[in-house]
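Note sheet for the following structure.
Below, read A as the first sequence line, B as the second, and so on, with proteins coming before strands; counting in each chain starts at 1. All values derive from a computational prediction rather than experimental measurement. Only this structure's heavy atoms are used, side chains among them; waters, hydrogens and symmetry mates stay out.
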Amino acid sequence: MTTTTAPDANEPLPKAYDPSQVEPRLYAHWEQQGYFKADPTPSLLPVDDPGYRRPYCIVIPPPNVTGSLHMGHAMYVIEDVLIRWHRMLGDNALWLPGVDHAGIATQMVVEKELARTEKKTRHDLGREKFLERVWAWKQQSGNRITTQLRTLGFALDWSRERFTMDAKLSAAVVEVFVKLYEEGLMYRAARLINWCPRCRTALSDLEVEPKEEKGKLWDIAYPLVDGSGEIVVATTRPETLLGDTAVAVHPGDPRYQGWVGKKVRLPLAPEKRTTADAETIGNTIPIVGDAILVDMAFGSGAVKVTPGHDFNDFETGKRHKLPLVNLLNPDGTLNDNAGAYAGKTADAARKEVLKALTESGALRGEKDHVLARGRCQRCDTVVEPYNSTQWYVRAKPLAGPAIRAVETGRTRIIPEGWTKTYMHWMTNIQDWCVSRQLWWGHQIPAWYGPDNAVFVARSEAEAAAAAEKHYGKLVTLRRDDDVLDTWFSSALWPFTTLGWPEKTADLDAYYPGAVLETGFDILFFWVARMMMMGIHFMGEVPFKHVYLHAIVRDDKGEKMSKVKGNVVDPLDVIQGATVDRLPKAAQKQYPEGWKPQGADSLRFTLASMASQGRDIKFSMERIEGYRAFLNKVWNAARFALMRVTPGAVRPIDDVKKDMSPADRWILGRLQELSRGVNTSLKEYRLDEATMSIYHFLWDELCDWYIEMSKPALMDTTASPRKVACEATLVHVLDHALRLLHPFCPYVTEEIWQKLPLARRPAETIQLARFPTGDATWDDPVSAAVVGTAQELCNAVRRIRADVSLNPSKKVTLRVGCTDAAKREVTQFEDALKRLANVEAIEFHAELGADKTKQCAMMQTTKFQVAVPLEGLLDVEAEKVRLAKELEKAEKELAGIRGRLDNAGFRERAPKDIIEKDEARAAELNEKMGRIRDTVSRLN
RNA sequence: AGGCGCGUAGCUCAGCGGUAGAGCACUACCUUGACACGGUAGGGGUCGGCGGUUCGAGACCGCCCGCGCCUACCA
């Protein structure tokens, strides 16, 4: 295996950058060298100790252990950028990797597999054998995720990799459960929950997705028992009438004055129904008055009340002490309370109920109605409100401190707009149902005695001891079958991963984390709950910042999902993919499949799109564009390595006196860039940072600095100017690569290792200091000089293009300008000749008529530029061209004039704005005068 | 129903009180000794609509239209 990071410096770089030749080799080397491994020791020293290093910790949002990364996960690049940036700043950075057991999702996958291959259910196997299968599945597929994370180049400390079901983390979950129980924050209660009949488990509110569908609203007449009339109720679920235990009307409704207290007979309902309290009731139910449930204006103003199968009705039932009739079996079929309909599914029962009601004449109307039904987030099955006994976390006492932590700024949410959403949810928080009727997960540490007395304990032995004390004798205990919601263990992730409940050095050094970075879609699921648990168990917030990034969508803006078939595997982008692996929509556009783009291109693209909006649309075109950018950077380095004298260059401080204005300018720009990148990163503006790096490297370094430096670099002897130029070029590349490194670790490391640096500050670029800007290199004077040269160069190029002069044809230049401008420009004469392909430059104070004859002319702020065309000049075309220039200037001047002529503007606008406008107006006037002059000479 | 967000060049998106920007795409010319994954130049926008604040408004305020998301409810 090749592990060298310092390939032979004499070996020229390949002409084009090929990530596949670089990335796997470098990652293996980095990991082997332990560059990602963190050590808490320096952060445990006193802050004023010279060895102290500020901790900077991010725990990864754990992906599903048996899943596979999709483009959304590739957004981890944000965390990698932050970690690499802080490590280079000298902070003690830890990025802690790990995976999550993903209870329902994983169990479902294994159950499906079991059904497919062996035609068995988990019950056929039994709990123990089934769990063995899941663990085997986890072993088998668990590596895929970590391989993907490595391929993306992430600087994760693999020595600290965690899994939510590790023994230690599982023990921590039990510890939290027991503590919450002891504090009265964990309780068991019977109430309606969301039940997925397919998964056969309870779900939390957040795991239910309401989806609109077309349905019907039926009117059904219930006859009064005393025969004095009937009451018509409306319902979207007629079959639930079998579970009705009352009809509610508004107490103030004139239509029903005196009806409250009367009884109606439920059509179709069996004569004996068993309530949740194991009492038997019949099929006559009372009319109750309820102002909360009933809206007089809706329908008939009378509502059937089904406490067993509707959340509002459940509350109504409590208010009026109504019995609760459960109609459902756990699999969603109707039970004996449904009488003749027992054993049928709800849908089948509905049809029959409607038929029977029609026949009896009780059905009074039917109309179309749009309603939203909750569906299981995992399997899309319609979720039923279902009465059952579950474990709950009392949320309000935990939410209070989590609200205050954000109010007081101990945790800051970025972008700020999400703060309001967080507050709103926290303020209206409901108790959290945490038990799930699954097998894969953390089994609830509760044991039940013969009389169902509950013993919550850290172990079976502890529970047995408590039971013995309670009963005064040994009894057989039965453990709670259920497991905890996956998000319950995820909520503990920021501290259990660091060793809690043990007091570890990691916990001391790295808690609270610096930032929690994730998609906004799990703000409630995860972020809010980590806040509550972190504060409660650690006494301190789990992280100082919460950065919520936008969601990656496909190129049409749709959320990526397996169902839609638009999921993109980041590895397919990095390594390339055959056409059959592409999303359907992309197959037409890329019939040959995807070419490999490399991890750096993907990383840079995602970082550049990580703006503060809500959507990130996946775009292959942009990735291709940034691959071209990295190739450009590669070639700039290739050029430098080919041109620079072999051996180490001098440090820039040694050659300062020999530097050209271009050298000083690019060094000044580098400082400005360094400051800008740090500022942007501090505010999580990765998009801004990538844009400024891109602009610097391509537009300023490649297009101007390198081009301007070529004459000096081509010197055959080691002239002072050449030495200074080489030092500058290598220094700028060194530092620009460091700035780019957090985004593109591979290409930057590969190039950096080959640079002939004066001083190599570290064995890897990821441990080199991140540039923060050194103001002593700021040089506005040189910047102005370069600006002047660019102005002249641009004018010549523009003339060439405008008169369609072959770019390869050399021209002579006549320039009219002040002595000062001439002095500036002559410092770049060689470079200018190259850049504009000019043979010779004649300077004049003023270009008179004799000098502009047969010339194409251009007037810039500082220069009159004339290109002699000896008989080639098309006078008419030239007139048109100049007229266009004139028009452009006139338009600009008109705008400024409009402002300057406005009395209000002159009175109220700041002075510097007015002065700027006046100066520009004067410039434009001068320019226009010269253009008019030129035009008149053409005639 | 309430909340949030978005609507700027063909596409994707920055800008958020002082002369309309970038990338990609497009057009013309160019195999100049790092790079055709390149170079040079260029075209293209009454910044969703209507009002208001201001000397000045994509930018701030109000209303409206369109799209998206979240929360809650809909017998």
Side-chain angles (χ1 to χ4, degrees), chain A residues 12-13 15-17 205 210 217-219 233-237 247-248 293-295 298-306 310-313 369-372 415 417-418 420-421 424-425 428 520-521 523-524 551 553 555 557 559 595 601 605 608-609 611-619 621-622 624-643 685 687-688 691 694-695 702-703 706-707 710 714 794 797-802 804-808 834-837 891-893 895-896 898-899 902-910 912-914 916-917 920:
Chain A
L13 293 183
K15 196 169 166 182
Y17 175 57
D205 302 343
L217 190 60
W218 289 277
D219 293 325
V233 297
T235 181
T236 55
R237 305 176 62 197
V247 170
L293 181 70
V294 181
D295 173 5
F298 191 95
S300 65
V303 188
K304 62 194 274 307
V305 182
T306 326
D310 182 285
F311 290 102
N312 287 316
D313 292 3
H369 186 75
V370 176
L371 71 160
W418 289 106
K420 218 170 153 178
T421 311
H424 181 259
W425 190 78
N428 296 290
F520 63 77
D521 52 339
L523 177 60
F524 306 141
I551 302 296
R553 298 175 189 279
D555 54 350
K559 205 164 174 171
K595 284 198 295 181
S601 314
T605 306
S608 76
M609 297 197 294
S611 56
Q612 320 255 304
R614 295 235 170 170
D615 300 334
I616 293 176
K617 282 181 198 151
F618 175 78
S619 154
E621 286 86 353
R622 264 186 91 167
E624 286 171 340
Y626 290 128
R627 187 193 56 188
F629 164 65
L630 296 180
N631 188 58
K632 185 78 181 175
V633 174
W634 177 262
N635 273 286
R638 181 166 178 259
F639 169 78
L641 294 174
M642 284 166 73
R643 286 295 159 193
R685 293 303 307 264
D687 57 328
E688 241 176 50
M691 284 297 92
Y694 181 100
H695 176 247
C702 291
D703 290 351
I706 288 181
E707 294 304 327
K710 277 180 178 171
M714 301 289 177
N794 287 337
R797 286 170 168 178
R798 178 84 191 274
I799 292 172
R800 276 183 173 284
D802 283 354
S804 299
L805 198 63
N806 190 308
S808 60
R834 258 193 65 80
L835 289 171
N837 205 18
K891 221 168 131 186
E892 195 188 332
L893 185 63
I896 296 172
R899 253 173 287 145
N902 184 329
F905 178 72
R906 287 207 171 270
E907 273 169 42
R908 318 183 82 134
D912 57 316
I913 297 287
I914 297 175
K916 223 169 97 188
D917 272 352
R920 185 65 187 150

When the P atoms of B/U40 and B/G49 are considered, how many whole Å apart are they?
36 Å

Of A/Lys420 and A/Arg643, whose nearest nucleotide on RNA chain B comes first from the 5' end?
A/Lys420

Between the side chains of A/Arg237 and A/Thr306, is a donor N or O closer than 3.5 angstrom to an acceptor N or O?
no

Please determine whether a side-chain nitrogen of the Lys or Arg among A/Glu624 and A/Lys595 lies less than 4.0 Å from a carboxylate oxygen of the Asp or Glu.
no

Which part of the nucleic acid, if any, lies within contact of A/Ile896, taking any heavy atom under 4.0 Å across all strands shown: a base, the sugar-phosphate backbone alone, or nothing?
nothing

In Å and rounded to the nearest 0.5 Å, what is the OG1 to CE distance from A/Thr605 to A/Met609?
6.0 Å

Is a side-chain N or O of A/Asn631 found less than 3.5 angstrom from the main chain of A/Ala16, in a donor-acceptor match?
no

Let me have RNA chain B in dot-bracket notation, would you? Count Watson-Crick plus G-U wobble pairs, both distances under 3.5 Å, and use [ ] for pairs crossing earlier ones and | for inter-strand partners.
((((((((.[[[[.)..(..]]]].(((((.......))))).....[[[[[..)....]]]]])))))))....

Identify the heavy atoms of A/Ala636 and A/Ile706 that sit nearest to each other, and give their distance.
CB-CD1, 3.9 Å

Using atom P in both nucleotides, what's the gap between B/U53 and B/G66 to the nearest angstrom?
28 Å

In whole Å, what is the span from the CZ atom of A/Arg638 to the C1' atom of B/G33?
11 Å

Do A/Lys15 and B/C35 share a donor-acceptor pair, side chain to base, under 3.5 Å?
no

Taken to the nearest whole Å, NE2/A/His424 to C1'/B/C69 is 15 Å

Answer with base, sugar-phosphate or nothing: what part of the nucleic acid does A/Ser300 contact at a heavy-atom distance below 4.0 Å?
nothing

Would a 4.5 Å heavy-atom cut-off, applied to side chains only, mark A/Glu892 and A/Arg920 as touching?
yes

CD1/A/Ile914 to CD/A/Glu907 distance, rounded to the nearest 0.5 angstrom?
9.5 Å

Strictly under 3.5 Å: I want the nitrogen or oxygen pairs between protein and nucleotides 52-56 of chain B, one per line.
residue	atom	partner	partner atom	Å
B/C55	OP1	A/Arg908	NE	2.6
B/C55	OP1	A/Arg908	NH1	2.3
B/C55	OP1	A/Arg908	NH2	3.1
B/C55	O4'	A/Gly904	O	3.4
B/C55	O2'	A/Asn902	ND2	2.9

Using atom NZ of A/Lys595 as one end and atom P of B/C37 as the other, report the distance to the nearest whole Å.
8 Å

Determine the contact category for A/Asn837: base if any of its heavy atoms lies under 4.0 Å from a base atom, sugar-phosphate if only primed atoms, P, OP1 or OP2 are that close, otherwise nothing.
nothing

What contact category does A/Ala372 fall into here, base, sugar-phosphate, or nothing, at under 4.0 angstrom with non-hydrogen atoms?
base

Rounding to an integer number of Å, can you tell me how far A/Ile706 CD1 sits from B/A34 P?
10 Å

Rounded interatomic separation in angstrom, taking CZ from A/Arg622 and P from B/C11:
15 Å

Pick the C1' atom in B/G48 and in B/G5, then give their distance to the nearest Å.
15 Å

Expressed in angstrom and rounded to an integer, what is the separation of A/Arg237 atom CZ from B/C73 atom C1'?
15 Å

Distance, nearest 0.5 Å, that separates CH2 of A/Trp634 from CZ of A/Arg627:
14.5 Å

Same-atom distance (C1') from B/G33 to B/G39, integer angstrom
14 Å

Using atom P in both nucleotides, what's the gap between B/G7 and B/G15 to the nearest angstrom?
10 Å

Nearest-Å distance, CD (A/Glu707) to P (B/A34)?
8 Å

Of all the nucleotides listed (B/C37, B/C24, B/A22), which has the minimum atom distance to the side chain of A/Met691?
B/A22

With rounding to the nearest 0.5 Å, note down the distance linking CG in A/Asn635 to CG in A/Leu641.
11.0 Å

Determine the contact category for A/Asp313: base if any of its heavy atoms lies under 4.0 Å from a base atom, sugar-phosphate if only primed atoms, P, OP1 or OP2 are that close, otherwise nothing.
nothing

Of the listed B/A22, B/G33, B/C35, the closest approach to the A/Met714 side chain comes from B/G33

Value rounded to 0.5 Å, distance of CZ in A/Phe905 from CG in A/Asp917:
4.5 Å

Nucleotide of B/C35, B/C37, B/G23 approaching A/Ala16 most closely (side-chain heavy atoms)
B/C37

Note, A/Leu835 side chain near A/Arg797 side chain (heavy atom, < 4.5 Å)
yes

C1' atom, B/A9 versus B/U46: distance in rounded Å?
14 Å

Rounded to whole Å, please give me the gap between CZ in A/Arg798 and P in B/C30.
19 Å

Under 4.0 Å, heavy atoms only, any strand: does A/Tyr626 hit a base, just the sugar-phosphate, or nothing?
nothing

Interatomic distance at P, B/A41 relative to B/A22, whole Å
13 Å

Mark yes or no for a side-chain to base donor-acceptor pair under 3.5 Å between A/Lys710 and B/A34, with no hydrogen or angle criteria applied.
yes

Taking the C1' atom in each of B/U71 and B/U12, what is the distance between them to the nearest angstrom?
30 Å

Looking for any heavy atom pair under 4.0 Å, which part of the strands does A/Asn794 touch: base, sugar-phosphate only, or nothing?
sugar-phosphate

How would you label the contact of A/Ala628 with the nucleic acid (heavy atoms, under 4.0 Å): base, sugar-phosphate, or nothing?
base

What does A/Leu805 touch in the nucleic acid at a heavy-atom separation under 4.0 angstrom: a base, only the sugar-phosphate, or nothing?
nothing

What contact category does A/Glu892 fall into here, base, sugar-phosphate, or nothing, at under 4.0 angstrom with non-hydrogen atoms?
base

For a quick check of understanding: with a heavy-atom distance under 4.0 Å over all strands, which category does A/Arg797 fall into, base, sugar-phosphate or nothing?
sugar-phosphate

Have a look at A/Ser808 and say if it touches a base, only the backbone sugar-phosphate, or nothing, with a 4.0 Å heavy-atom cut-off.
nothing

Whether A/Lys632 engages the ring of A/Tyr694 as a cation-pi pair (distance to the six-membered ring centre under 6.0 angstrom, angle to the ring normal within 45°) should be assessed.
no

What is the nucleic acid contact for A/Lys916, judged by heavy atoms within less than 4.0 Å: base, sugar-phosphate only, or nothing?
nothing

Taking B/A41, B/C70, B/A34 as options, the one with an atom nearest any side-chain atom of A/Phe524 is B/C70

Let me spell it out: for each of A/Asn312 and A/Arg834, pick the nucleotide of RNA chain B with the closest heavy atom. Which residue's pick is nearer the 5' end?
A/Arg834

Applying a 4.0 Å non-hydrogen cut-off, can you work out what A/Lys304 is touching in the nucleic acid: base, sugar-phosphate, or nothing?
nothing

Quick one: is B/C13 close enough that its OP1 or OP2 comes under 4.0 Å of any side-chain N or O from A/Lys617?
yes

Mind telling me whether B/G58 is syn or anti, cutoff 90° either side of 0?
syn

Euclidean distance, A/His695 NE2 relative to A/Asp703 CG, rounded to 0.5 Å:
9.0 Å

